[in-house]
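A short write-up of the structure that comes next.
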2 protein chains.
Amino acid sequence: MAVHKKEEFTQREQDLAEFAKAIAHPARIAILKVLAQKNECICGEIVQILPLAQSTVSQHLKELKNAGLVTGTVDGPRSCYCINWKAFEKFNQEFSWLFNNLKIKNEKSCC
Amino acid sequence: MAVHKKEEFTQREQDLAEFAKAIAHPARIAILKVLAQKNECICGEIVQILPLAQSTVSQHLKELKNAGLVTGTVDGPRSCYCINWKAFEKFNQEFSWLFNNLKIKNEKSCC
DNA sequence: TTATTTAATCGTATATTTGCGATATAAGAT
DNA sequence: ATCTTATATCGCAAATATACGATTAAATAA
């Protein structure tokens, strides 16, 4: 991949792709589920639940944070992660937009 | 990554992640849009529209096909690609399920 | 039959992702 | 002040993804 071609697409396509990439790993989906299930902010618990090393979980959390899907604040010696519902809702809408946008144009498949 | 850890998660998480990966590139989102816009099955047209080489587009199409989002049939010397609406609808529902599932549990963010 | 057109595949280079152990950091406990 | 605990980050290895040119394959046109 000599050059990056991603910039040649629309911002909307890039944003949507980036969000999709954020949840394109079962570990990150599992992390989101754990974060949603617990009412309090956990972190080390995720490491207990997932079959991954602490450093790996930390890395996945960082990616979710970079994608804006998760917020993180320092709480004493531990970290507090939460789902960013606002961003999540926005991306949910973007997805719906894509799905509907595609579907409206052509409901029937020709092959 | 000495070992694959993806199998250690639920099938549902894996399937969803795989679908997300399929649309985790702006080129593939753009391809889906083109396929939806045209009423007929094109292929070479995608190459004209996208800023990518023919072999690269072919590769992206293959990935979409592997993910089940697109069907492809041979039509003489050319290929005919179409969106698989059924599979698309299924994944749309899976996404909604995830979003709602997460949201119901905890609407408020604690940080 | 030979040439042309269209698309898939191969080979290759490079970039990114995934994963882990080891180390660093920072707060709380002793 | 030192030890413990929790987490982030670094460095590395291996796997995957991205992109392209060249080649192959297969059907139509000449």
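Treat the numbers as computed from the prediction; the structure is a model and nothing was measured. Convention: sequence-line order gives letters A, B, ...; per-chain numbering from 1.
- One atom, CD of E18(A), and another, P of dT17(C), lie 10 Å apart when rounded to the nearest Å.
- Of the candidates dA6(D), dC20(D), dA19(D), the closest approach to any side-chain atom of A53(B) belongs to dC20(D).
- For the residue pair S96(A) and Q93(A), no side-chain donor N or O sits within less than 3.5 Å of a side-chain acceptor on the partner.
- In this structure, L61(B) atom CG and dT18(D) atom C1' are separated by 15 Å, rounded to whole Å.
- Atom CG of N66(A) and atom P of dT18(C) are 13 Å apart (whole Å).
- OP1 or OP2 of dT17(C) has not a single side-chain nitrogen or oxygen of H60(A) nearer than 4.0 Å.
- Side-chain proximity of R28(B) to the nucleotides dT18(C), dT18(D), dA22(D) is greatest for dT18(D).
- Distances were taken from every side-chain heavy atom of Q59(B) (C-beta onward) to each of dA7(C), dG19(C), dC20(D); the shortest belongs to dC20(D).
- When each of E13(B), E8(B), R12(B) is checked for a side chain to side chain donor-acceptor pair (under 3.5 Å) with T10(B), only E13(B) meets the rule.
- Atom C1' of nucleotide dA15(C) and atom NE2 of H25(B) are separated by 11 Å, given to the nearest angstrom.
- Note: CD (E63(A)) to P (dG19(C)) measures 9 Å, nearest angstrom.
- Comparing dA8(D), dC20(C), dT9(C) by their nearest atom to the side chain of S55(B) picks out dT9(C).
- Within 6.0 Å of CD on E18(A) lie no more than 12 heavy atoms contributed by other residues, nucleotides or ligands.
- dG19(C) atom C1' lies 12 Å from atom NZ of K6(B), rounded to whole Å.
- Checked by atom type, the side-chain pair Q59(A)/T56(A) shows no donor-acceptor distance below 3.5 Å.
- Between K5(B) and the phosphate of dC20(C), there is a side-chain N or O to OP1/OP2 separation shorter than 4.0 Å.
- Under 3.5 Å, the side chain of Q54(A) and the base of dA8(D) form at least one donor-acceptor pair of N or O atoms.
- The nucleotide whose nearest atom lies closest to any side-chain atom of L52(A) is, among dT17(C), dA8(D), dC20(C), dC20(C).
- Phosphate contact (OP1/OP2 of dA8(D), side-chain N/O of R78(A), threshold under 4.0 Å): absent.
- Among the atoms of the strands shown, only primed sugar atoms or phosphate atoms (P, OP1, OP2) are found under 4.0 Å from some heavy atom of K21(B).
- Distance, E45(B) CD to dA7(C) C1': 14 Å, rounded to whole Å.
- Note: H25(A) and F9(B) have perpendicular aromatic rings, judged against thresholds of 30 and 60 degrees for the angle between ring planes.
- Ring-plane geometry between F95(B) and F95(A) is classed as parallel, the angle between the planes falling under 30 degrees on a 0 to 90 degree scale with a further cut at 60.
- S79(B) comes within contact range of the sugar-phosphate backbone alone, with a heavy-atom separation under 4.0 Å but no base atom that close.
- At the phosphate of dC20(C), OP1 or OP2 sits under 4.0 Å from a side-chain N or O atom of T56(A).
- At whole-Å resolution of the value, NZ in K62(B) and C1' in dA17(D) are 13 Å apart.
- At dA8(D), one or more side-chain N or O atoms of Y81(A) fall inside 4.0 Å of OP1 or OP2 (strictly under the cut-off).
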